[in-house]
Amino acid sequence: MKSATSAKPAPKLMSADDALARILAGVPTLAAVETPLLDALGLVLAEDVAADRDVPPFRNSAMDGYAVRGDDVASAPVELRVVGEVAAGEFPDRDVGPGEAMRIMTGAPMPDGADTVVRVEDSDNASDVVTITAATPKGISIREAGEDLKKGERILDAGTVLRAAEIGLLASVGRAQVLVRKRPRVAVFSTGDEIVDLDAPLERGQIRDSNRYTLASAVRAAGAEPWVRDIVPDSPDALRTALGEGIAADAIVTSGGVSVGDHDHLKPVLAELGKIDFWAIAIRPGRPLAFGELRDGDRRVPIFGLPGNTVSALVTFEMFVRPALLRMQGRANVARPRAKARLVEPVDKIGSLRFFARGIFDPEAGTVRLTGPQGSGILRSMSLANCLIDLPVGPSRIEKGELVDVILTEQPEVTR
Ligand code: AMP
Ligand code: MG
């Protein structure tokens, strides 16, 4: 029986937008760290980078062919004396004069005197006297020194998200290490007496832990590093110990125990360890959410207490934790791309709350349909989905044919 003293005050009801704004304002941007270039993909550059030299560093051929003087090949056919050969990685041992040609490979330095490359296809490919068979415009097929990057020029600004192209730019100016915002290390806990890990037998009344695996993977997909911790039983002592260890991380994500059930202990324990707000977010799935921070000296460690239901946990991660982890990495834009789509079936919400239905968006047709049953414990509804259908506060039935907003959860946030 529940005693009168265990009655809990109703948590503050908050819109998802307000909750996200408060979370983004509350999370710290992580420190900048020197990182090996290949580990920096997806991270945010924390320094301005200038070119240490011209790229390419020397004038070179864009084709396999013959380095010549343009005046000699203005009309064809014409015969030129072959005075040598230069391959990529070599350097020409002489100039090219009037009536002369030097065989040259793609990427090889241009010999002085030459200003044009005739493609090997426009010649008879001979080695003593070559016949140029096609008139070739002066200056063609040459890559100038510095045509990509000029020495001293700023090529990337602090704040840039590093994609494959930027990693390549940094390599081309010799940066083996770069200063980037740290990848957050995120402690991931599951809570609940009924939760059992994958290697243990399942007894009566128990269920497999899926949330830690879901959430650790979602952490990784957000560019952060999951630190998978234990399953924590529904006991204040166990929670206290577990969260005390979790403080070594850059952020903590838990699932379960944030409701107002008799065994939901997260609230009192978190109140001891730091400053935490318990919110009832006006959305479905995923009403209860705890957000706050634990303190470890000067370090502020954001903590997200997500609901235990599998869909609620992943939807609230998507709506609140992923943007927070991106912001901690220094990302300016943390919003997924959205689209408009026409419903091919009616949707019944529970009440008037904003509802995130799991959908299959067809970009060709501009339509969206549901993934089937939408219960907050039906994880398959997320597995089948390629979007969330964002149905605003309002009528509980949305008719077939109505235009709705979809959040493209398979697409990364735009970085430029
Ligand atoms: P709670 O938020 O703790 O009240 O849990 C709500 C529901 O989610 C319950 O049915 C739990 O059994 C289920 N649940 C909680 N944690 C997990 C988990 N780690 N994996 C799968 N289901 C869970
Ligand atoms: Mg529980």
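Each ligand, and each atom within it, is numbered from 1 in the order the structure gives.
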Note to self: So, regarding Ile195 and ligand 1 (criterion: nitrogen or oxygen to nitrogen or oxygen, under 3.5 Å), is there a contact or not?
What the structure shows: no
Next item on the list: Please round to the nearest 0.5 Å and tell me the distance separating atom CD1 of Ile247 and atom CD1 of Ile252.
Entry: 6.0 Å
Notebook entry, point to check: Do any N or O atoms from the side chain of Thr254 and from the backbone of Ser190 form a donor-acceptor pair under 3.5 angstrom?
Noted result: no
Checklist line | Close-contact set for ligand 1 against Thr310 heavy atoms, below 4.0 Å | finding: 21 (C), 22 (N)
Next item on the list: Report yes or no: does Val258 have a heavy atom closer than 4.0 Å to ligand 1?
Entry: no
Check: To the nearest 0.1 Å, how far is atom 3 (O) of ligand 1 from its closest protein heavy atom, and which atom is that?
Finding: Gly257 N, 2.9 Å
Next item on the list: Could you establish whether His263 and ligand 1 come within less than 4.0 Å of each other, counting only heavy atoms on the residue side?
Entry: no
Next item on the list: Assess whether atom CZ of Arg369 is packed by more than 12 heavy atoms of other residues, nucleotides or ligands within 6.0 Å.
Entry: no
Item checked: Cationic N near anionic O, under 4.0 Å, Arg212 to Asp197 -> yes
Notebook entry, point to check: Which atoms from ligand 1 have a heavy atom of Arg208 less than 4.0 Å away?
Noted result: 20 (N), 21 (C)
Next item on the list: Using a strict cut-off of less than 4.0 Å between a Lys/Arg side-chain nitrogen and an Asp/Glu carboxylate oxygen, indicate whether Arg183 and Glu225 qualify as a salt bridge.
Entry: no
Margin query: For atom 17 (C) of ligand 1, what is the closest protein heavy atom, and at what distance to 0.1 Å?
Written below: Asn211 ND2, 3.2 Å
Notebook entry, point to check: Has Ser210 got any heavy atom lying under 4.0 angstrom from an atom of ligand 1?
Noted result: yes
Notebook entry, point to check: Any side-chain donor-acceptor pair under 3.5 Å between Thr371 and Gln374?
Noted result: yes
Checklist line | Atom indices of ligand 1 within 4.0 angstrom of Ser259 heavy atoms, with elements | finding: 2 (O), 4 (O)
Checklist line | Numbered atoms and elements of ligand 1 in range of Ser190, under 4.0 angstrom, heavy atoms | finding: 19 (N)
Item checked: Presence of salt bridge, Asp405 and Lys340, under 4.0 angstrom -> yes
Checklist line | Numbered atoms of ligand 1 (with element) below 4.0 Å of Glu194, judged on heavy atoms | finding: 11 (C), 12 (O)
Check: Does an N or O anywhere in Asn309 fall below 3.5 Å from an N or O of ligand 1?
Finding: yes
Next item on the list: Before accepting this row, confirm whether a basic side-chain N of the pair Asp157/Arg154 lies closer than 4.0 Å to the acidic partner's carboxylate O.
Entry: yes
Notebook entry, point to check: Within a strict 4.5 Å, meaning less than it, do heavy atoms of the Leu343 and Glu399 side chains meet?
Noted result: no
Next item on the list: Run the numbers for me: atoms of ligand 1, each under 4.0 Å from some heavy atom of Asp209, listed by number.
Entry: 18 (C), 19 (N), 20 (N)
Next item on the list: Look at Lys400 together with Glu345 and state whether they make a salt bridge at an N to O cut-off of under 4.0 Å.
Entry: no
Check: In terms of atom number and element, which parts of ligand 1 are under 4.0 angstrom from non-hydrogen atoms of Ile207?
Finding: 12 (O), 21 (C), 22 (N), 23 (C)
Checklist line | Nitrogen or oxygen atoms of Gly308 and ligand 1 under 3.5 Å apart | finding: yes
